[in-house]
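Reviewing the structure listed below.
Computed from a predicted model, the values in this text were never measured in an experiment.
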Amino acid sequence: MHYNPEEIEPKWREKWGKTHLYRVDNTTEKPKFYVLDMFPYPSGAGLHVGHPLGYIASDIFARYKRLKGFNVLHPMGYDAFGLPAEQYAIQTGVHPAKSTDENIHRYRQQLDQIGFSFDWSRQVKTSDPAYYKWTQWIFLKLFGHYYDLSAQKAVPITSLVNLFAEQGNAQIPAVTTQTIVFSAGEWNAMSSLEKEEVLMNYRLAYRKTGHVNWCEALGTVLANDEVKDGLSERGGHPVEKKAMMQWSLRITAYAERLLQDLETLEWSDALKAMQKNWIGRSEGAQLFFDLENTEKKIEIFTTRPDTIFGATFMVLAPEHALVKSLTHPDYQTEINAYIEYAASRSDVDRMAETKEVTGAFTGNYAIHPFSGKRIPIWIGEYVLNEYGTGAIMAVPSDDDRDHAFAQKFGLEIIPVVDKSAYPGASAHDKKGILQHSDFLDGLEVKEAIQKMIQIIEERKFGKRKVNYKLRDANFSRQRYWGEPFPIRYDQEGVPYPLAEAELPLTLPDLENFQPASGGKSPVARAEEWVNQFPGFELETDTMPGFAGSSWYFLRYMDATNPDAFVSQEAVNYWKDVDLYVGGTEHAVGHLMYARFWHKFLFDLGLVPGVEPFQKLINQGMITAYGYYAENLRFQKDGQETVFIGNAVDLDSASNNLIGYAFVGTGSPIRLAYVYDYLDAQNRLSKSQFTAYYEAKGKDFYVAGDVNKYLWATDQNGEEYLTVNVVQEKMSKSKFNVQNPDEVVDKYGADCFRMYEMFLGPIEQSKPWDTKGIDGVNRFLRKYWSLFFEGHSWSITQDVPTQEEWKVLHQTIRKVTDDIERFSFNTCISAFMMCVNELKRLECHKQAILQPLTVLLAPFAPFITEELWERMGHGSSIHLVSYPVFDAGYLVTDEVEVPVCINGKKRDVITVPANATQQEIEALAQASEAVQRHLEGKVLQKLIVVPGRMINLVVRE
RNA sequence: GCCGAAGUGGUGGAAUUGGUAGACACGCUGGACUCAAAAUCCAGUGCUAGCAAUAGUGUGCGGGUUCGAGUCCCGCCUUCGGUACCA
């Protein structure tokens with residue numbers, strides 16, 4: 001019998017599906033374990049080989065935990081709202097719901113093929129009204145709450161309204177953007193519109209006009225984490241700042257808790273650091289500067305209050321609210337021109353020329369709170385309106401940017417920190433002795449900061465303050481394919497939440513998906529839908545992608561519940577995710593929002609814990625080799641071709657590398673066969689390759705390091721192209737997507753699963769190639785062959801030998817330890833060693849092979865199920881118990897110990913396991929190799945590390 | 001710039017607490033089987049010298065601690081990821 005995955009895999013796939021083998025119950029005596037994958041966006045390209053990497057790892061772990069006796073929740077679903085489906089709809093007219101469902105269908109086929117143990121009865125789809133009903137419901141909860149600073153939690157907005165009516169807002173400890181103080185009487189006199197405007201400054205989901213990231217090409221605004229280097233993450237289109245009325249989430253209210261609770265999580269330090277940086281906590285002081293000509297004050301934030309005597313000017317962001325009123329009439333023209341200039345610049349422009357210093361003088365002065373000196377007020381784009389207060393005191397002596405500004409505009413520089421005691425310290429290092437600073441003179445920077453804050457508070461110039469880089473999250477998208485806001489506006493524009501009974505508010509059906517005019521969503525064209533509530537208009541923006549993904553893991557616990565987003569019973573049983581596996585690309589987006597929503601739901605008493613994901617593993621990316629040519633000069637059909645990119649693949653038939661060239665913007669043409677080039681010694685010593693350019697029928701000789709670059713020359717040695725090799729993401733637009741289907745078709749799912757694990761550590765990024773897959777394939781065939789003698793079943797009931805037991809239990813220990821530390825690649829090599837040994841021992845004993853098969857079942861579910869059945873079992877191997885390790889089988893009479901002279905290994909001796917220190921020393925010295933090295937030398941010291949090694953220290 | 005991760009044979013990688021560097025696999029070399037090929041099996045394979053035993057050398061570079069360093073410390077270099085006029 002030969003191992004034939006094409007036969008056994010479909011058989012079990014069907015059987016598992018029919019028997020609902022992986023269905024999991026919420027009510028059981030077993031301990032729970034929740035293993036979660038980041039659910040995919042179902043793109044048109046299908047799953048590529050990178051997706052399953054994490055899914056396979058988590059599936060192995062889920063299956064392992066199941067065998068260990070846990071009730072394991074291991075679900076899967078689809079993050080089905082999003083831009084690509086809508087962009088596709090704009091181009092083709094195909095409704096996003098339709099294309100999304102088609103893609104989901106394909107994903108499901110691909111996932112099933114690989115043999116994942118998902119409980120599909122719990123599938124979620126974020127674009128399903130039965131799902132997004134609850135996304136809307138949570139949004140309304142956010143809308144209906146504010147953050148109470150004294151209770152450190154979210155509190156219903158109705159209690160705030162009561163407080164306002166009784167005492168106004170002056171004494172209320174809340175996270176707010178409200179700046180105007182009002183009394184109870186003033187509150188009670190307000191119109192409902194005015195009241196709502198005030199409440200918007202408190203709600204956790206609120207509307208405000210702000211300078212947002214507008215992406216013209218996508219016709220929508222984007223959140224900060226959706227913008228990378230001034231370009232949209234999706235599509236790479238330019239992004240500019242635009243003032244718009246938008247929904248936002250007050251995530252900043254949770255900044256401190258999001259930061260503090262990071263400590264409790266088993267996440268990588270790298271990931272925690274990313275979140276910390278994104279939150280960006282900094283301690284300092286808030287300070288008010290009086291103005292010369294008006295009653296108004298400028299509020300600033302600084303982390304360096306000690307340097308205040310070096311503050312020789314102030315800079316406001318061009319968008320700062322006070323700029324207009326404090327500008328001196330004589331300078332109005334320049335200021336206006338500068339504001340216009342700053343507004344015209346996109347983020348990309350700003351980043352492209354960060355060194356250029358620009359700014360303009362307002363003609364007005366502030367009064368230094370300590371020295372009483374007049375200090376000029378400037379505006380400059382290096383001060384960001386969104387961070388801190390949008391205004392700074394500039395200390396050119398101790399801040400590089402302020403220094404550059406002062407130099408350019410000829411402003412005064414007072415050196416206030418003497419750094420002579422700290423050579424090499426840069427301007428922003430908090431080191432040195434204060435000088436020219438009145439009462440701070442002689443103090444160390446750190447002392448001076450503390451003293452200054454104290455004085456600032458005493459004299460009521462300001463107070464100690466903690467500032468965060470984290471901004472509130474923009475929550476509006478001017479797109480069709482997202483959750484509608486359950487909000488309607490009356491004629492005055494006052495927003496009202498829909499009643500719970502009116503949820504879900506479903507998306508209207510559209511035929512035209514082009515954005516509507518004036519930066520509006522296509523939804524605005526569905527007039528009937530917009531006006532379905534007489535006297536009201538519905539919000540036409542939709543929610544962003546992270547809305548549905550911020551709580552989906554809770555829905556899996558109780559996926560079909562029509563009465564609650566999750567029942568209390570279910571959430572109290574499953575609690576939180578024990579293991580979450582996914583890519584780093586969600587480090588600050590999804591993972592931050594999900595934590596925020598979870599804390600909010602915790603405040604409302606709806607979930608039992610404060611953190612959703614206890615342990616998190618980031619699987620590395622599987623990249624593709626990208627080949628980019630620099631100087632390709634060839635013609636095709638008489639036309640000059642443009643080489644815009646190149647993907648390289650292994651030709652499965654010939655095992656040769658194949659390159660593809662892209663001609664113009666059209667489809668790729670096949671460029672070359674690149675096959676192994678052997679040097680004179682017939683060795684592949686320098687990874688050289690020869691290429692043949694098919695389209696022209698001309699030979700090219702390509703050489704170079706395949707991991708870095710290649711170049712090609714023709715027979716005459718004339719250089720044709722230099723190809724730089726990069727590792728890049730797999731994407732449809734780069735023609736480098738490798739689908740798992742092909743691999744599974746050829747080698748089977750078990751082989752594919754094990755090969756992906758064998759590639760290397762799960763957290764590491766690695767390029768995809770199938771070079772080593774034959775090794776895994778051979779392993780599976782060898783393992784299978786242990787059960788057969790020629791064509792006949794050869795399993796015996798003989799009692800195993802000591803050696804056979806040892807091989808088995810060594811493997812049990814190694815594999816179990818390695819699964820626990822998520823080192824799956826070394827598990828595979830342990831299996832290989834085990835099978836190699838058993839093959840050598842010609843072991844066909846059920847007592848050995850049966851536990852080994854259970855051990856292997858999480859990795860290769862099909863082949864193990866098949867052999868399990870052939871061993872005479874009626875029920876599935878995936879429901880049995882994990883083999884128990886018995887250290888007794890590993891005890892040996894003798895151990896091999898290396899003997900080193902001065903740390904260099906010279907011999908390996910065999911000593912009895914129970915030998916004494918003296919006996920070991922004697923045996924070591926008796927060794928012939930040791931004798932030889934001891935000749936004419938003096939033994940100084942002898943170190944015995946029991947069971948490890950012996951080291952003899954020797955001198956001439 | 002700042003923060004984080006990494007650098008080991010021709011290749012992917014292993015070495016879990018400072019204790020035999022290169023497990024396991026790919027590739028390659030030689031051999032067996034075959035008319036031949038594939039598949040399979042056996043042997044070899046870090047580099048240098050040597051027929052060999054063996055010796056020297058070897059984990060990005062330069063120092064250090066230690067009986068002993070891929071692992072710890074100091075100073076660099078390179079690559080990747082994140083982030084940035086963040087006051």
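Residues satisfying the side chain to side chain donor-acceptor pair (under 3.5 Å) test with A:Glu256, not counting sequence neighbours, are A:Gln260, A:Arg281, A:Tyr468. Annotation: side-chain contact (heavy atoms from CB on, under 4.5 Å) contacts of A:Ala391 (sequence neighbours excluded): A:Ile298, A:Ile300, A:Leu316, A:His320, A:Thr389. Listed by chain and number, the residues in a side-chain contact (heavy atoms from CB on, under 4.5 Å) with A:Glu763 are A:Ile617, A:Asn618 (sequence neighbours excluded). Looking at residues two or more places apart in sequence or on another chain, you find no salt bridge (Lys or Arg N to Asp or Glu O under 4.0 Å) involving A:Glu789. Under the rule for a ring-ring contact (aromatic ring centres under 6.0 Å, His included), A:Phe824 has no partner lying at least two apart in sequence or in another chain. The side-chain contact (heavy atoms from CB on, under 4.5 Å) check on A:Ile909 picks up A:Val899, A:Asp907, A:Val911, A:Leu923, A:Ala924, A:Ser927, A:Ile950, with sequence neighbours excluded. Shown here are the side chain to side chain donor-acceptor pair (under 3.5 Å) partners of A:Asn385, two or more places apart in sequence or in another chain: there are none.
Under the 3.5 Å distance criterion, the side-chain polar atoms of A:Gln931 are matched with a main-chain donor or acceptor of A:Gln925.
Counting only residues at least two apart or in different chains, salt bridge (charged side-chain N to carboxylate O under 4.0 Å, His left out) contacts with residues 776-785 of chain A are absent.
Spacing of P atoms, B:rA87 relative to B:rA6, comes out at 28 Å, to the nearest Å. Atom name C1', nucleotides B:rU34 and B:rG27: the rounded distance is 24 Å, in whole Å. Comparing the same atom, P, in B:rG62 and in B:rC24 gives a spacing of 31 Å after rounding to whole Å. B:rC80 and B:rG75: their C1' atoms are spaced 22 Å apart (whole Å). For the C1' atom pair drawn from B:rA5 and B:rG58, the interatomic distance equals 25 Å after rounding to whole Å. Going from the P atom of B:rA21 to that of B:rU16 covers 13 Å, rounded to whole Å. B:rA69 and B:rG60 have their C1' atoms separated by 16 Å, given to the nearest Å. For the P atoms, the distance from B:rG82 to B:rA14 is 23 Å, rounded to whole Å.
Contacts of A:Met949 with the nucleic acid, taken as non-hydrogen atoms under 4.0 Å apart, include base atoms. When heavy atoms are screened at a 4.0 angstrom cut-off, A:Phe779 is found touching no nucleic acid atom at all.
B:rG9 shows a glycosidic angle within 90° of 0 and is accordingly assigned syn.
Rounded to an integer number of Å, the gap from A:Asn902 CG to B:rC67 P is 11 Å. Taking atom NZ of residue A:Lys766 and atom C1' of nucleotide B:rC26, one finds them 16 Å apart after rounding to whole Å. Taking atom CH2 of A:Trp278 as the reference point, atom P of B:rG81 lies 17 Å away to the nearest angstrom. Note: CD1 (A:Ile943) to P (B:rG68) measures 8 Å, nearest angstrom. When the C1' atom of B:rG1 is taken as reference, atom CG of A:Asp399 falls 13 Å away, rounded to whole Å. Look at CE on A:Met314: it is 11 Å from C1' on B:rA87, rounded to the nearest Å. Taking atom CG of residue A:Asn836 and atom P of nucleotide B:rA25, one finds them 5 Å apart after rounding to whole Å. Atom C1' of nucleotide B:rC86 and atom CG of A:Asp400 are separated by 14 Å, given to the nearest angstrom.
Taking only side-chain atoms of A:Lys782, from C-beta outward, the nucleotide of B:rA87, B:rC41, B:rG12 with the closest atom is B:rC41. Among the nucleotides B:rG12, B:rA14, B:rG82, the one closest to any side-chain atom of A:Phe758 is B:rG12. The nucleotide whose nearest atom lies closest to any side-chain atom of A:Lys469 is, among B:rU83, B:rA23, B:rA14, B:rU83. When each of B:rA23, B:rU20, B:rG4 is scored by its nearest atom to the side-chain atoms of A:Ser829, the top-ranked nucleotide is B:rA23. The side chain of A:Leu384 approaches B:rA87 more closely than any other nucleotide in the set B:rG4, B:rA25, B:rA87. Across B:rA14, B:rA21, B:rC85, the shortest atom-to-atom separation from the side chain of A:Lys905 is found for B:rA21.
Side-chain contact between A:Leu942 and A:Leu939 is present, with at least one heavy-atom pair separated by less than 4.5 Å. Using a 4.5 Å cut-off on side-chain heavy atoms (C-beta onward), A:Val743 and A:Trp768 make contact. Within the 4.5 Å cutoff, side-chain heavy atoms of A:Tyr341 are placed close to those of A:Glu381.
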Taking only nitrogen or oxygen atoms into account, show me every contact under 3.5 Å that the protein makes with nucleotides 55-59 of chain B, one pair per line with its distance.
{"from": "B:rA55", "atom 1": "OP1", "to": "A:His933", "atom 2": "NE2", "distance (Å)": "3.1"}
{"from": "B:rG56", "atom 1": "OP2", "to": "A:Arg906", "atom 2": "NH1", "distance (Å)": "3.1"}
{"from": "B:rG56", "atom 1": "OP2", "to": "A:Arg906", "atom 2": "NH2", "distance (Å)": "3.4"}

What's touching nucleotides 37-39 of chain B from the protein side, N or O pairs under 3.5 Å?
{"from": "B:rA39", "atom 1": "O3'", "to": "A:Arg781", "atom 2": "NH2", "distance (Å)": "3.3"}

Could you go over nucleotides 16-18 of chain B and give all protein N or O partners under 3.5 Å, atom names and distances?
{"from": "B:rU16", "atom 1": "O4", "to": "A:Lys814", "atom 2": "NZ", "distance (Å)": "2.5"}

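Across the interface with RNA chain B, nearest-nucleotide mapping of A:Asp269 and A:Asn951 shows A:Asp269 to be the residue nearer the 5′ end. Residue-to-nucleotide proximity on RNA chain B shows that, of A:Phe301 and A:Ile828, the 5′-proximal contact is made by A:Ile828.
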Should A:Tyr382 and A:Phe405 be marked as a ring pair (Phe, Tyr, Trp, His ring centres under 6.0 Å) after you check the CA-CA gap, both sets of side-chain angles, and the distance that decides it?
-> CA-CA 9 Å; A:Tyr382 83 95; A:Phe405 198 87; 5.4 Å; yes

Chi angles and distances behind the salt bridge (Lys or Arg N to Asp or Glu O under 4.0 Å) call for A:Asp817, A:Arg821 | CA-CA 7 Å; A:Asp817 285 357; A:Arg821 64 190 183 100; over 6 Å; no

Dot-bracket, RNA chain B: Watson-Crick or G-U, under 3.5 angstrom, [ ] crossing, | other strand?
-> (((((((..(((......[....)))((((((.......))))))((((....))))..(((((..]....))))))))))))....

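For the pair A:Leu411 and A:Trp378, the tightest heavy-atom approach, listed with the atom from each and the gap, is CD2-NE1, 3.7 Å.
OP1 and OP2 of B:rA5 both lie 4.0 Å or more from every side-chain N or O belonging to A:Gln764.
Annotation: A:Phe859 is in aromatic contact with A:Phe831 [ring centroid separation under 6.0 Å].
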